[in-house]
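So the structure is just underneath, and the comments pick up after that.
Treat the numbers as computed from the prediction; the structure is a model and nothing was measured.
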Amino acid sequence: MTDQEQIQEETGDHSLEQLMDEIDRLQAGIRAIMNTFKVIRPKGAETTQAILQMLLSQAADDSLVSDVSRVLCRLIEREQLAGLGIPGTDMALFHCRDRAVRSLCFRIAHLNEPIELAAMDGGRIPVRNILLLLAPETLHPMEQEVIRTVSSSLVDDRESTLIFASANETTIRAKLEANFYQLLIHKFK
């Protein structure tokens, strides 16, 4: 095998430029999630809509969302289509992609008192943690990988579920870092 054939076999159809672009996009997506991640303990917000409004207003203050009302409507519409409560947990995952979202964003609102919400399995569950995962309408495939990593890590195993339900920002951040580290290692090995 010639050197050129060996290089072609190792790189497949990707050029170095394409690989570097994928690495940059993945890295940017991970940084966006890690830089926007917060655990919030809302005070005075007693309804799902009020909690989402508060989370979105804070995201707007951080220049992550340009139209709070638009994104709030999208989230409420999505909740009405299908339950967002994660069965077997006390978490609900509110998520959407919209043109009013400027950057990937992940927030958790930890509630003192649970709110009963429709679950993904059709039942109803008490929810203490409202997870908000936002993305711009147009996403690069590497950014989609970042979103999938966050979503799947919520229910990877019982330990992961307990970590995300703990509302301990330091522990959750460490879990996200470990999952993103594994994503990078497996994606580009």
Side-chain angles (χ1 to χ4, degrees), residues 23 25-48 50-65 71 75 78-79 83-97 101-117 119-121 125-135 139 142-189:
I23 292 169
R25 292 289 188 133
L26 189 60
Q27 178 181 335
I30 291 169
R31 284 186 197 281
I33 291 291
M34 296 307 294
N35 290 337
T36 63
F37 175 67
K38 292 181 184 177
V39 174
I40 299 156
R41 288 171 169 71
K43 294 187 180 12
E46 296 180 8
T47 66
T48 306
I51 294 163
L52 292 171
Q53 175 78 41
M54 184 211 56
L55 288 170
L56 291 170
S57 293
Q58 289 181 359
D61 291 345
D62 293 339
S63 300
L64 302 170
V65 173
V71 178
L75 292 168
R78 188 161 191 125
E79 179 189 24
L84 300 176
I86 302 170
T89 74
D90 67 352
M91 301 183 292
L93 178 60
F94 284 79
H95 58 288
C96 77
R97 288 170 53 174
V101 177
R102 294 182 175 148
S103 173
L104 297 179
C105 176
F106 184 44
R107 305 274 165 101
I108 298 175
H110 180 72
L111 314 176
N112 289 329
E113 295 297 322
I115 296 174
E116 190 171 289
L117 294 176
M120 295 174 183
D121 64 2
I125 61 170
V127 170
R128 276 188 158 328
N129 295 286
I130 294 181
L131 289 68
L132 179 66
L133 185 57
L134 302 174
L139 282 180
M142 291 296 108
E143 293 167 317
Q144 291 174 14
E145 287 273 345
V146 171
I147 294 292
R148 276 193 293 276
T149 299
V150 173
S151 296
S152 66
S153 68
L154 301 173
V155 292
D156 271 347
D157 53 40
R158 185 72 181 142
E159 180 184 342
S160 296
T161 301
L162 290 172
I163 288 171
F164 281 96
S166 74
N168 182 313
E169 189 168 325
T170 303
T171 305
I172 297 169
R173 184 174 295 280
K175 178 65 174 168
L176 287 169
E177 287 175 1
N179 288 347
F180 288 142
Y181 182 84
Q182 288 303 311
L183 172 63
L184 286 166
I185 295 299
H186 293 299
K187 191 75 177 164
F188 299 110
K189 66 177 177 177

Verdict with reasoning, Ile163 to Glu159, per side-chain contact (heavy atoms from CB on, under 4.5 Å): CA-CA 6 Å; Ile163 288 171; Glu159 180 184 342; 4.0 Å; yes

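- The side-chain heavy atoms of Arg102 and Leu64, taken from C-beta on, include no pair separated by under 4.5 Å.
- Using a distance-only test at 3.5 Å, with no hydrogens or angles considered, a donor-acceptor pair links the side chain of Thr161 to the main chain of Leu154.
- Counting all heavy atoms, side chain and backbone alike, Leu84 lies closest to Met120 at O-CE, 3.6 Å.
- Nearest heavy-atom pair across Glu169 and Val39 is OE1-N, 3.1 Å.
- Taking a 6.0 Å sphere around CZ of Arg148, one finds it holds more than 12 heavy atoms contributed by other residues, nucleotides or ligands.
- Considering CG of Leu117 and CD1 of Ile115, their distance stands at 6.0 Å, rounded to 0.5 Å.
- Here the shortest heavy-atom pairing between Thr48 and Phe94 reads CG2-CZ, 3.4 Å.
- Put simply, the side chain of Met54 reaches to within 4.5 Å of the side chain of Ile40, judged on heavy atoms.
- No more than 12 heavy atoms of other residues, nucleotides or ligands shown are found within 6.0 angstrom of CG on Asn112.
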Working for side-chain contact (heavy atoms from CB on, under 4.5 Å), residues Asp62 and Arg107: CA-CA 12 Å; Asp62 293 339; Arg107 305 274 165 101; 2.8 Å; yes

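- No option in Leu133, Leu139, Ile30, Val150 other than Leu139 meets the side-chain contact (heavy atoms from CB on, under 4.5 Å) test with Leu104.
- By the 6.0 Å contact criterion, CD on Gln182 is enclosed, its count of non-hydrogen atoms from other residues, nucleotides or ligands being greater than 12.
- To the nearest 0.5 Å, atoms OG (Ser166) and CD1 (Ile108) are separated by 8.0 Å.
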side-chain contact (heavy atoms from CB on, under 4.5 Å) evaluation trace for Phe180 with Leu26: CA-CA 10 Å; Phe180 288 142; Leu26 189 60; over 6 Å; no

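- A donor-acceptor contact closer than 3.5 angstrom is absent between the side chains of Lys175 and Ser153.
- Nearest heavy-atom pair, Pro42 versus Leu111, reported as atom, atom and distance to 0.1 Å: CG-CD2, 3.7 Å.
- Under a 3.5 Å cut-off, the side chain of Arg128 and the backbone N or O of Ala167 do not form any donor-acceptor pair.
- Thr89 and Met91 get closest at one heavy-atom pair: OG1-N, 3.0 Å.
- With a 4.5 Å cut-off on side-chain heavy atoms, Pro126 and Asp90 do not count as touching.
- Between the side chain of Arg173 and the main chain of Met34, a donor-acceptor pair closer than 3.5 Å is present.
- Rounding to the nearest 0.5 Å places OG1 of Thr149 at 4.0 Å from CG of Leu183.
- Note that the CG atom of Leu56 and the CG atom of Asp61 stand 11.0 Å from one another [nearest 0.5 Å].
- Within the 3.5 Å criterion, the main-chain N or O of Phe106 finds a donor-acceptor partner in the side chain of Thr36.
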